Asks: 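Below is the structure I would like to discuss, written out as structure tokens.
Everything quoted here is computed from the prediction, not taken from an experiment. Only heavy atoms go into these numbers, but all of them, side chains included; no hydrogens, no water, no symmetry mates. Throughout, protein chains are lettered first and strands after them, A, B, ... in sequence-line order, and every chain is numbered starting at 1.
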Amino acid sequence: MSFEIKSSYPSKKKSLIRKNILDWYDINGRSDLPWKGQDIYKIWISEVMLQQTQVQSVIPYYKMFIDRYPNLESLFKASLNDVMKIWSGLGFYRRAENIYKTSIIIQEEFDGEFPKNYNDILSLPGIGRTTASAITTFSGNGRYSILDGNVKRFLSRFLSAEVDNSELNSLWELSQYLLSDTRPSDFIQAYMDIGSLVCKKSKPLCYECPVNKQCNSYPYQPSNISSKPRKIKIKEKNIWSLVVINNKGQFYLEKISYDNLWKGLYSSPVFHNQSDLMGWTESHKIKAYMESNTWKFTHKLSHIKFTFNIILCNIKYHKKVSLSDDNWYNLSDIDFGIPKYQDKIFNQYKSIYDYN
DNA sequence: CATTCGTGGGT
DNA sequence: TACCCAAGAAT
């Protein structure tokens, strides 16, 4: 892809595009999202949650998070496990780790106040170009445009250009070039709302688009809606064995220690195959308590497909087993994060044993 | 520059 | 079903 912004988009055309987008936004834009406002702390939390995560998934987590940690001061007092607990089920847990790290950095390097300068914001862990721009612009501290999935799709269709990952600089340039001088915050929201509500990845509503007359892909034909397919991900198949250990209402959980998957969360003991599990239960003297009924279920990630074989182990004589005394928890009193698969297992366990 | 990070929804 | 992919960033 190659184009010359200034020749393709003279000042007059640029002004028209800006006006049409903002006029559309004033009527159709999403102004009721719970993180709308000027509080840079809340904007930060929402923007991190929204990375690769749909709005509908984020809203309940955002409300829980802000209810528990309404400002930086309250977050400063939290532990990493506290943040991970709130994050449980939302995914991409490195984001929660980076939020915790950032809270420490802000105390130590920014005198306890969230930075308002774009480059300072960009320097924080877990904040890249798009997130830094959104935080800066939404909070009223600058005029920086974004290039998230919505804007990429919208602008590449607008140009009717195939854009691969090595040519994103041109789209960044165009995104910033079209950005409103007077209402940058509304404008980047309008970018995303158009991308999400009108210029959808399938069945775009081109007749509703405020800039369809300037769009190179209009009138709509499936063939001129260019979308560069993302890398085809190879899904591995993993069969893991997991043992749920219950000692009279206390469950044995340990910190997960695979590579970086579910890093910082806790789980029932997991093994890469059945024989490893059997060896472990034998050496820890719990094999005698294993139930005969087992079940399995699959848990799909974007790039890995898991099948879990679940074994139940109900300890009756705690003294005889050689398991650490420190790893037993009541389900109602867990103060750390667990993966979604563990949550599903506990729910299934409760239904089997009519447990609460 | 290609992978690796979760989970849920859409087609 | 199987596959894509979402307000991306780090490595």
Asks: Quick one: is A/Lys340 getting a side-chain N or O under 4.0 Å of the B/dG8 phosphate, OP1 or OP2?
Replies: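 Yes, such a contact exists.
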Asks: Test: salt bridge (charged side-chain N to carboxylate O under 4.0 Å, His left out). Region: residues 44-70 of chain A. Which pairs qualify, not counting sequence neighbours?
Replies: none
Asks: May I ask you to say what A/Ile127 touches in the nucleic acid, namely base, sugar-phosphate or nothing, with a heavy-atom cut-off under 4.0 Å?
Replies: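 Here A/Ile127 touches the backbone only, sparing every base.
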Asks: Could you state the atom-to-atom distance from CD of A/Gln54 to P of C/dC5 in whole Å?
Replies: 12 Å
Asks: Using a distance-only criterion (donor-acceptor N/O pair, under 3.5 Å, no hydrogens), is the base of C/dA10 paired with the side chain of A/Arg95?
Replies: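 Side chain to base: no pair present.
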Asks: Heavy atom of residues 261-270 of chain A under 4.0 Å from DNA chain B: which residues?
Replies: A/Leu261, A/Trp262
Asks: Please report the distance, rounded to the nearest Å, between CD1 in A/Ile59 and P in B/dG8.
Replies: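 Roughly 16 Å, once rounded to whole Å.
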Asks: With nearest nucleotide decided by heavy atoms, which residue, A/Leu122 or A/Glu47, maps closer to the 5′ end of DNA chain C?
Replies: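 Between the two, 5'-proximity favours A/Glu47.
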Asks: For C/dG8 and A/Gln52 - does any side-chain N or O of the residue sit under 4.0 Å from the phosphate oxygens OP1/OP2?
Replies: yes
Asks: Is there a donor-acceptor contact under 3.5 Å linking the side chains of A/Ser74 and A/Asn71?
Replies: yes
Asks: Compare the minimum distances between each of C/dA9, C/dA2, C/dA7 and the side chain of A/Arg94, then state the nucleotide with the smallest one.
Replies: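 The nucleotide sitting nearest to the side chain is C/dA9.
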Asks: Could you tell me the separation between the OH atom of A/Tyr144 and the P atom of C/dG8, rounded to a whole number of Å?
Replies: 21 Å
Asks: What nucleotide, of B/dT7, C/dA7, B/dG8, holds the atom closest to the side chain of A/Ser57?
Replies: B/dG8
Asks: Taking OP1 and OP2 of B/dT4, is either one under 4.0 Å from a side-chain nitrogen or oxygen of A/Asn260?
Replies: no
Asks: Taking atom types as modelled and ignoring hydrogens, do the side chains of A/Thr53 and A/Arg95 form a donor-acceptor contact shorter than 3.5 angstrom?
Replies: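 There is such a pair between these side chains.
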Asks: Select one nucleotide: of C/dA7, C/dG8, B/dT7, the one nearest the side-chain heavy atoms of A/Ser196.
Replies: C/dA7
Asks: Strictly by ring pair (Phe, Tyr, Trp, His ring centres under 6.0 Å), give each pair with a member in residues 10-38 of chain A just once, sequence neighbours left out.
Replies: A/Trp35-A/Tyr62
Asks: In whole Å, I'd like the distance from the NE2 atom of A/His299 to the C1' atom of B/dC5.
Replies: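 About 13 Å, once rounded to whole Å.
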Asks: What does A/Gln189 touch in the nucleic acid at a heavy-atom separation under 4.0 angstrom: a base, only the sugar-phosphate, or nothing?
Replies: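 Base contact - A/Gln189 has a heavy atom under 4.0 Å of at least one base atom.
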Asks: Does B/dG6 have OP1 or OP2 under 4.0 Å away from a side-chain N or O of A/His303?
Replies: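 Indeed not, no polar side-chain atom of A/His303 lies that close.
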Asks: Choose from C/dA6, C/dA9, C/dA7 the nucleotide whose nearest atom is closest to any side-chain atom of A/Arg30.
Replies: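 Taking heavy atoms from C-beta onward, the closest nucleotide is C/dA7.
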Asks: Grab the NZ-C1' distance between A/Lys200 and B/dT11 for me, whole Å please.
Replies: 12 Å
Asks: Please check the phosphate of B/dT7 (OP1 and OP2 only) for any side-chain N or O of A/Tyr61 closer than 4.0 Å.
Replies: no
Asks: Ignoring backbone atoms, test whether A/Thr131 places a side-chain nitrogen or oxygen under 4.0 Å from the OP1 or OP2 oxygen of C/dA9.
Replies: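 So the side chain of A/Thr131 is within the cut-off, an N or O lying under 4.0 Å from OP1 or OP2 of C/dA9.
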Asks: To the side chain of A/Tyr93, which of B/dG8, C/dA7, B/dT7 is closest?
Replies: B/dT7
Asks: Identify, between A/Ser202 and A/Gly89, the residue whose nearest nucleotide on DNA chain B lies closer to the 5' end.
Replies: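 Taking each residue's closest nucleotide, the earlier one in sequence belongs to A/Gly89.
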Asks: Using atom P of each nucleotide, how far apart are C/dA2 and B/dC5 to the nearest Å?
Replies: 23 Å
Asks: So, does the side chain of A/Thr53 form a donor-acceptor pair with the base of C/dG8 at under 3.5 Å?
Replies: no
Asks: According to the salt bridge (charged side-chain N to carboxylate O under 4.0 Å, His left out) rule, which pairs have a member within residues 10-19 of chain A, sequence neighbours left out?
Replies: A/Arg18-A/Asp181, A/Lys19-A/Asp23
Asks: Both A/Lys305 and A/Met192 contact DNA chain C. Which one's nearest nucleotide lies toward the 5' end?
Replies: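 Nearest nucleotide further toward 5': that of A/Lys305.
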Asks: Using the side-chain heavy atoms of A/Lys201, tell me which of these nucleotides is nearest: B/dG6, C/dG8, C/dA6.
Replies: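 Of B/dG6, C/dG8, C/dA6, C/dA6 is nearest to the side chain of A/Lys201.
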Asks: Between A/Ser160 and A/Tyr218, does any side-chain donor sit less than 3.5 Å from a side-chain acceptor?
Replies: no
Asks: Residues two or more places apart in sequence or in another chain: which of them pass salt bridge (Lys or Arg N to Asp or Glu O under 4.0 Å) with A/Lys300?
Replies: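 Here no residue qualifies.
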Asks: Write out all pairs satisfying salt bridge (charged side-chain N to carboxylate O under 4.0 Å, His left out) with one or both partners inside residues 263-278 of chain A, taking only residues at least two apart or from two chains.
Replies: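 Only A/Glu97-A/Lys263 qualify under salt bridge (charged side-chain N to carboxylate O under 4.0 Å, His left out).
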Asks: In whole angstroms, how far is the P atom of C/dA6 from the CG atom of A/Asp148?
Replies: 9 Å
Asks: Taking atom P of B/dC5 as reference, at what distance in whole Å does atom CD1 of A/Ile256 sit?
Replies: 12 Å
Asks: In this structure, are over 12 heavy atoms from other groups packed under 6.0 Å from A/Asp111 atom CG?
Replies: no
Asks: Any base atoms under 4.0 Å from A/Trp35, or only sugar-phosphate, or nothing? Heavy atoms, all strands.
Replies: base
